[in-house]
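Some notes on the structure that comes next.
Just so it is clear, the values below take in all heavy atoms, side chains as well, and ignore hydrogens, waters and symmetry mates. Numbers for residues simply follow the sequence, beginning at 1. One-based numbering, in listed order, for ligands and for the atoms of each.
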Amino acid sequence: MSSATKRTVLITGSTSGIGMAIARMYAQKGYNIIFNGLEPNGVEIAAGIAAEFGIDHLFFPANMADPAQISDMAAHSLERFGVVDILINNAGIQFVSPVEDFPDAKWDAIIDINLNAAFHMTKALWPAMKAQKFGRIINIASAHGLIASPFKSAYVSSKFGIVGFTKTMALEGGEFGITANAVCPGYVFTPIVENQIPDQMKAHNMTREEVIEKVFLKEHAVKEFITVEAIAESVLFLTESAAASVTTGIALSVDAGWTAH
Ligand code: NAD
C-alpha cells in the first residue's frame, strides 16, 4: 500500500485475543496501527507485529475505564496520523456471578470498559472522520448483545448497550461517509473465556470439561470454538469489502449458530 493510500486503524484491547488478530490482519495490509491493551508485554507485542509487517505504529496502555486516558490516546493518535480512518472498539472484560452477589465495582468496570469507552473513543475520533467524509467504526459486541445468559448481568447489559450505540452512530454517520457496525461473536477461546471457567464451574456446579461442553459449546449449533481469524475476517468484510460502504447499523453474528435458537 503506498503512503498516499495508507490508512490508520485504532484497535482497543489489541495486545491479546481477538484484537490482536484484527491488528495482525490490518498490519498485513500495510495500515498504520494504534495498539492499546493492558498486557504487561504490550509494548513488545505491538512492536513485534509492526516490525514483522514493516508498518508505522503507536502503543498506548490507556485504561479504557478512564475517559481522561482515552481522550489523551485519541489526541496523540490524531496528532501523529491526522485522522483515524477505522476505529475498532474491542477491549472488554467479563465477570460471572448470580446477581445478588455481583460486586458493584465489577458492574461499574464492565459498563465502563465494554460500553462507555466506545462512546468516549467514538466521540473523540468522530470530528476528523466527519471532516474527511470517511470513517469505519466496528464495535466488538457479542452474541450476548442479542441474547442473554444467566450470571452475566453486567456483560449482557453492556453488549446490548453497544449494539444500540452502534445503530445510533450508523444513523448519525450516514451523511458523512461514516459507517458503524457491530460484530457479535459466539465463544472464541481467548483469555476472557479461559478466565471465566473457574467462576462458571462454581456458578453451575460443574467440572471444567462440563463447562466447556454444557455451557460454552452447548450454545453453538456448530460444536466448535470460533477462531480469532474468523472474527478478524468479519471485520474486514465490514471495512474493506465492496459491501462495506452500504452496510451500516448491523449486528453481524459470527456465532456458530448460537442466536439461531
Ligand atoms: P482478551 O481477554 O483476550 O482480550 C481483551 C483485551 O482487552 C486485552 O488486550 C485487554 O488488555 C484489553 N482490556 C481489558 N480491560 C482493559 C482496560 N481497562 N483498558 C484497556 N484495555 C483493556 O479477550 P477477547 O476474547 O479477545 O475479547 C475481545 C472482545 O471480544 C471483548 O469485547 C469481548 O467481550 C468480545 N467477545 C469475546 C468473545 C469470546 O468468546 N472470546 C465472545 C464475544 C465477544
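Using a 4.0 Å heavy-atom cutoff, Asn36 is listed among the residues neighbouring ligand 1. Look at Ala62 and you'll find a heavy atom under 4.0 Å from some atom of ligand 1. Residue-ligand proximity: Ala141 is placed with a non-hydrogen atom under 4.0 Å from ligand 1. For Phe189, the closest heavy-atom approach to ligand 1 does not fall below 4.0 Å.
If you number the atoms of ligand 1 from 1 as listed, the ones under 4.0 Å from a heavy atom of Tyr155 come out as 33 (C), 34 (O), 35 (C), 36 (N), 43 (C), 44 (C). Interface of Ser16 with ligand 1, defined as ligand atoms under 4.0 Å from a residue heavy atom, comprises 1 (P), 3 (O), 4 (O), 8 (C), 9 (O). Near Val193, meaning under 4.0 Å from any of its heavy atoms, are these atoms of ligand 1: 39 (C), 40 (O), 41 (N). Near Ile18, the atoms of ligand 1 lying under 4.0 angstrom from a non-hydrogen atom of the residue are 25 (O), 26 (O), 30 (O), 37 (C). Heavy-atom proximity to Ile93, at under 4.0 Å, picks out these atoms of ligand 1: 14 (C), 15 (N). The ligand atoms of ligand 1 that sit less than 4.0 angstrom from a heavy atom of Thr15 are 9 (O). For ligand 1, the atoms sitting less than 4.0 Å from at least one non-hydrogen atom of Glu39 are 8 (C), 9 (O), 10 (C), 11 (O), numbered in the order shown with element in parentheses. Within ligand 1, the atoms closer than 4.0 Å to a non-hydrogen atom of Gly17 are 3 (O), 26 (O), numbered from 1 in the order shown.
Residue contacts with ligand 1: Gly19 is placed with no nitrogen or oxygen under 3.5 Å of a nitrogen or oxygen of the ligand (distance criterion only). Of the N or O atoms in Asn114, none lie within a sub-3.5 Å distance of an N or O in ligand 1. Below 3.5 Å of separation, one finds no N or O of Ala143 facing any N or O of ligand 1. For ligand 1, the polar-atom distance check against Val188 finds a nitrogen or oxygen pair separated by under 3.5 Å. In terms of N/O distances under 3.5 Å, ligand 1 is approached by Leu38. No N or O atom of Tyr187 sits closer than 3.5 Å to an N or O atom of ligand 1.
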Step-by-step salt bridge (charged side-chain N to carboxylate O under 4.0 Å, His left out) determination, Lys130 to Glu175: CA-CA 9 Å; Lys130 193 171 153 183; Glu175 65 180 296; over 6 Å; no
For the pair Arg136 and Glu240, evaluate salt bridge (charged side-chain N to carboxylate O under 4.0 Å, His left out) and give the outcome as yes or no after the intermediate values. CA-CA 9 Å; Arg136 298 278 175 265; Glu240 303 268 303; over 6 Å; no
Between Gln196 and Lys152, does the side-chain contact (heavy atoms from CB on, under 4.5 Å) criterion hold? Intermediate values first, please. CA-CA 11 Å; Gln196 66 184 275; Lys152 294 185 173 178; 3.0 Å; yes
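Contacts with ligand 1 closer than 4.0 Å are made by heavy atoms of both the backbone and the side chain of Asn90. Here Lys159 has side-chain heavy atoms under 4.0 Å from ligand 1, and that is the only part of it that gets that close. Here Asn63 has heavy atoms under 4.0 Å from ligand 1 in both its backbone and its side chain.
By the 4.5 Å side-chain criterion applied to Ile, Leu, Val, Met, Phe, Trp and Tyr, Tyr187 is assigned to a cluster that also includes Ile147, Phe189, Ile192, Val193, Ile197, Met201, Met206, Val211, Ile212, Val215, Phe216, Leu217, Phe225, Trp258.
Under a cut-off of 6.0 angstrom, the local environment of CD in Glu44 is crowded, with over 12 non-hydrogen atoms contributed by other residues, nucleotides or ligands.
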